[in-house]
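Notes for the one structure printed next.
All values derive from a computational prediction rather than experimental measurement.
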Amino acid sequence: MQRTIMAELIRWKTKRNRKPLLLKGARQVGKTWLMKEFGSKCFKNTAYLNFDSGGRVSRIFNEDYDIRRILQLINIETGVKVEPQETLIIFDEIQEVPRAISALKYFCENAPEYAVIAAGSLLGVSIHEGVSFPVGKIDLLEVHPLSYVEFLKAVGEEALAEPIESADYEAMNAFSDKYIHWLKLYYYIGGMPEAVKDYVENGDIYEVREIQKRLLELYENDFSKHTPGQELARIRLVWNSIPLQLAKENKKFFFGQIRQGARAKDFELAIEWLLDCGLITKVYRVSKPSVPLKAYTDFAAFKIYLLDVGLLGAMSDLDARSILEGNELFLEFKGALAEQYVLQQIVAETDYTPYYFSPSSHSEIDFLVQKEGMVVPVEVKAEDNLHAKSLKAYWEKYKPANAVRTSMANYRQEAWMVNLPLYGIRNL
């Protein structure tokens, strides 16, 4: 697979003031594969340690933080001679050995010539449980499921990916039927590497759904493994309510839809736990669409999305035909999938922090992003329905320099806004 983040890893390798690199992200988004692939492509050799296995590996850091001693033990354990600049040292599932996280500080201060990369699936949870974090002594990168462009490359459609990457809208319009075909498949398959890999190798969408169900079971097993009983029930309630929350016309997260009488203070920790695991994304409402958006954040109002559109479909038990061909019963949930998809691409493919704006109970701008000192409103349409009442009302009141409607329709520039195809949303 071609992962866009590989370019970031290569840039990190050549940084003048390189620090140990920590990859964050949910389980099964491809962190281990990425680190090993990076090592094989860009280094003479790789010393790989997986702390999830426990035992002897975890004891490397028990005594002290003498880097020379630690390097010697890594050499013995892996059978790889660790050389400055030539060897990539990988610490996988680093959250299982808290002292290894602390050791990153000493690699930064005392041995910056060694390339160290680490990954942790439940790292955020571990930090909140009291693990010392080497603030300022590491570089951070977030790993997400495959984006739509990465998905196109994985299924052998590199030629279709190129116009999106170069923002060639003439070519994108000419082949819109192909983009829509693959986009609907992406809605179903999503971007989890195991699901994409299996589809590429076998073309069996039913096995893809089985893989997604197993991933969801894996995450739920993590809930019970890493949380006490009282909080476990709340995490499960929040997690299982997300498809219902997104199916509403008003997608603001309502605690009352978790269970009757639920209060925010009872579920705040559960939501934070899911955020720390990388399983959800929280999009806050702003009280005013002005720069800087962060200054107008309304922390009491937010929407919650899953990490992957394919997993959202699996949690909702949506069958392949409903997504790929469409049916009347599915019309309402199409909006949820489209919003989930757009949010996922913004998070994975841009540097923007998405917000949303709801000036009244009858009007909502799905996303706002801050771009080059301006606020850009984005309205999401699931199909080629181009009626954008909320966006039009927003434009008439606030007169933004740029306004975006994204839909299945072709790219076109209008007097007051641009229609950006859903498959080109990375060019927001």
> When the ring planes of Tyr423 and Tyr179 are compared, do they come out parallel, tilted or perpendicular, using 30° and 60° as the limits?
Replying inline: parallel
> Using 4.0 Å as the upper bound for N to carboxylate O, is an ion pair formed by Asp64 and Arg99?
Replying inline: no
> So do Val378 and Ile346 actually touch side chain to side chain, heavy atoms under 4.5 Å?
Replying inline: no
>> Nearest 0.5 Å, please: how far is OG in Ser58 from CD in Glu93?
In response: 14.0 Å
>> Could you measure the distance from the CG atom of Leu368 to the OH atom of Tyr296? Nearest 0.5 Å is fine.
In response: 13.0 Å
>> Would you say that more than 12 heavy atoms from the other residues, nucleotides or ligands in this model lie under 6.0 Å from the CD of Gln230, or not?
In response: no
>> Around atom NZ of Lys265, are there more than 12 heavy atoms from other residues, nucleotides or ligands closer than 6.0 Å?
In response: no
>> If you define the side chain from C-beta out and look only at heavy atoms, does anything of Ile138 sit under 4.5 Å from Leu21?
In response: no
> How long is the gap from CD1 on Ile425 to CG on Leu343, to the nearest 0.5 Å?
Replying inline: 11.0 Å
> Below 4.0 angstrom, N of the basic side chain to O of the carboxylate: do Arg214 and Glu207 qualify?
Replying inline: yes
> Between atom OG1 of Thr281 and atom CG of Leu307, what is the distance when rounded to the nearest 0.5 Å?
Replying inline: 7.5 Å
> What orientation do Tyr106 and Tyr65 show, parallel under 30°, tilted 30 to 60°, or perpendicular over 60°?
Replying inline: parallel
> Do side-chain atoms of Lys184 reach the backbone of His181 as a donor and acceptor pair under 3.5 angstrom?
Replying inline: no
>> Is the shortest side-chain heavy-atom distance between Tyr187 and Leu312 below 4.5 Å?
In response: no
> What residue among Glu165, Gln345, Glu349 forms side chain to side chain donor-acceptor pair (under 3.5 Å) with Arg426?
Replying inline: Glu349
> Within a radius of less than 6.0 Å around NZ of Lys19, do more than 12 heavy atoms belonging to other residues, nucleotides or ligands occur?
Replying inline: yes
>> Check this for me: does any side-chain nitrogen of one of Glu364 and Lys303 sit under 4.0 Å from a carboxylate oxygen of the other?
In response: yes
>> Would you say the rings of Phe51 and Phe61 are close, in the sense that their centroids are separated by under 6.0 Å?
In response: yes
>> Quick one: does any side-chain atom of Ser40 pair with a main-chain N or O of Glu37 as donor and acceptor, under 3.5 Å?
In response: yes
> Out of curiosity, Asn240 CG to Leu216 CG, how far, rounded to the nearest 0.5 Å?
Replying inline: 9.5 Å
> Between Lys381 and Glu383, is there a salt bridge with N-O shorter than 4.0 Å?
Replying inline: no
> Quick one: are Ile164 and Tyr148 in side-chain contact, heavy atoms under 4.5 Å?
Replying inline: yes
>> When you compare the side chain of Lys294 with that of Thr353, does any pair of heavy atoms fall below 4.5 Å?
In response: no
> With a cut-off of 6.0 Å (strictly less than), are more than 12 heavy atoms of other residues, nucleotides or ligands near NZ of Lys282?
Replying inline: yes
> Short question: side chain of Lys31, backbone of Gln28 - any donor-acceptor pair under 3.5 Å?
Replying inline: no
> For Tyr188, is the NZ or CZ atom of Arg209 found under 6.0 angstrom from the centre of its six-membered ring and inside 45 degrees of the ring axis?
Replying inline: yes
> Do Asn419 and Glu414 have side-chain atoms, one donor and one acceptor, less than 3.5 Å apart?
Replying inline: no
>> Using only atom types and a distance under 3.5 Å, with no angle test, would you say the side chain of Lys15 pairs donor to acceptor with the backbone of Asn17?
In response: no
> Under 6.0 Å between the ring centres of Phe151 and Tyr186?
Replying inline: yes
> Under 4.0 Å between a Lys/Arg side-chain N and an Asp/Glu carboxylate O for Glu201 and Lys197?
Replying inline: yes
>> Taking the cut-offs as 6.0 angstrom to the six-membered ring centre and 45 degrees off its axis, would you call Lys36 and Tyr48 a cation-pi pair?
In response: yes
> Does Ala409 offer a backbone N or O that forms a donor-acceptor pair with the side chain of Ser407 under 3.5 Å?
Replying inline: yes
>> Before we go on, tell me: are the rings of Phe302 and Phe253 under 6.0 Å apart, centre to centre?
In response: yes
> How many angstroms lie between atom CG of Leu185 and atom CD1 of Ile180, to the nearest 0.5 angstrom?
Replying inline: 12.5 Å
>> Working note: Asp222 + Lys225, criterion salt bridge (Lys or Arg N to Asp or Glu O under 4.0 Å); need CA distance, chi angles, decisive distance, verdict.
In response: CA-CA 5 Å; Asp222 282 341; Lys225 182 180 177 183; 5.6 Å; no
> Any ion pair linking Lys178 and Glu157 (charged N to carboxylate O, less than 4.0 Å)?
Replying inline: no
>> Test your reading of the model: is there a side-chain donor-acceptor pair from Lys392 to the backbone of Glu396, 3.5 Å cut-off?
In response: no
>> Classify the ring geometry of Tyr305 against Phe367: parallel below 30°, tilted from 30° to 60°, perpendicular beyond 60°.
In response: tilted
> Does Arg234 make a cation-pi contact with Phe223 (under 6.0 Å, within 45 degrees of the axis)?
Replying inline: no
